[in-house]
Amino acid sequence: QVQLVESGGGLVQAGDSLRLSCAASGRTFSTYDMGWFRQAPGKEREFVAAIRRSNSATCYADSVKGRFTISRDNAKNTVYLQMSALKPEDTAVYYCAADVGVPILCRYSRYAYWGRGTQVTVSS
C-alpha cells in the first residue's frame, strides 16, 4: 500500500510555471507506475501525464504535451509535474495516482491509490 500527498499548487498568472510534487510513503515506490490527473469544476477527472516505474516511458494528454513534464526520483519517493506556459484552462485540482503494472500508460485511469489533490488556479 502507498499513501500519496501532493503539494506545490497555487495561484499563478497565465504564462507562468509551477511544479507539483507528489510524495509517496513506503519503501516500494519504485515498483509503482505513477500518473497525474486533474479535475476542473463541473468537469470529469482527466488524465494529464504518466510515467513508468523505471522512468522508461512517459505519456501526456494532448492538451499539455510540450508544456508539462512528468518525472520521478525513486530515491526520494517523489513524482513531479513541471508545468509551464500555464493557461486558464489548466485550472483544476491536480491528483497523483499510483498503481503496479499499468497496462496502457496513456489510457489507464483505474489507479489503485490516489492523493487528495492540490489546487492550481491560473488567472488570465
Visitor: Which side chain to side chain donor-acceptor pair (under 3.5 Å) pairs, counting each pair once, include a residue from residues 2-18, with sequence neighbours left out?
Guide: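 Counting only pairs at least two positions apart or across chains, no side chain to side chain donor-acceptor pair (under 3.5 Å) contact touches residues 2-18.
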Visitor: Considering only NZ, NE, NH1 and NH2 on the basic side and carboxylate oxygens on the acidic side, decide whether Lys87 and Asp90 come within less than 4.0 Å.
Guide: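 Answer for the salt bridge query: no.
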Visitor: State, to 0.1 Å, how close Ser21 and Thr78 come at their nearest heavy-atom pair, and which atoms those are.
Guide: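 Of all heavy-atom pairs spanning Ser21 and Thr78, the closest is CB-CG2, 4.2 Å.
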Visitor: Not counting sequence neighbours, list each pair that qualifies as a side chain to side chain donor-acceptor pair (under 3.5 Å) and has a residue in residues 101-110.
Guide: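 The answer is Asp99-Tyr108.
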Visitor: How long is the span from the CD atom in Gln39 to the CD atom in Glu44, to the nearest 0.5 Å?
Guide: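 Rounded to the nearest 0.5 Å, the CD-CD separation comes out at 8.0 Å.
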Visitor: Quick one: OG1 on Thr118 to CZ on Arg38, what's the gap to the nearest 0.5 Å?
Guide: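 So the gap between those two atoms works out to 14.0 Å.
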Visitor: List the atom of Tyr111, the atom of Ala50, and the distance in Å for their closest heavy-atom pair.
Guide: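 Heavy atoms only, the tightest pair is OH-CB, 3.7 Å.
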Visitor: Starting from Tyr80 and following side-chain heavy-atom contacts under 4.5 Å between hydrophobic residues (I, L, V, M, F, W, Y), which residues can be reached?
Guide: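 Via sub-4.5 Å side-chain contacts, Tyr80 links to none.
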Visitor: Other members of the hydrophobic cluster containing Met34, with the 4.5 Å side-chain heavy-atom rule, please.
Guide: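 Val2, Leu4, Val12, Leu18, Leu20, Phe29, Tyr32, Trp36, Val48, Ile51, Tyr60, Val64, Phe68, Ile70, Val79, Leu81, Met83, Leu86, Tyr94, Val100, Tyr113, Val120, Val122, which link up through side-chain heavy atoms under 4.5 Å apart, make up the rest of the cluster.
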Visitor: Taking only residues at least two apart or on different chains, which pairs with a member in residues 4-67 satisfy disulfide bond (SG atoms under 2.5 Å apart)?
Guide: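 The answer is Cys22-Cys96, Cys59-Cys106.
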Visitor: Whether Asp33 and Arg52 form a salt bridge (side-chain N of Lys/Arg under 4.0 Å from carboxylate O of Asp/Glu) is what I want to check.
Guide: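 Salt bridge flag = yes for Asp33 with Arg52.
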Visitor: Would you mind listing the cluster partners of Ile104? Hydrophobic ones only (ILVMFWY), side-chain contacts under 4.5 Å, chaining allowed.
Guide: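 The other cluster members (ILVMFWY side chains, heavy atoms under 4.5 Å, direct or chained): none.
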Visitor: Pairing donors with acceptors under 3.5 angstrom, does anything connect the side chains of Ser84 and Gln82?
Guide: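 No, no side-chain donor-acceptor pair sits under 3.5 Å.
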Visitor: Kindly compute the distance separating OG (Ser54) from CG (Asn74), expressed to the nearest 0.5 Å.
Guide: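 Here the interatomic distance stands at 8.5 Å.
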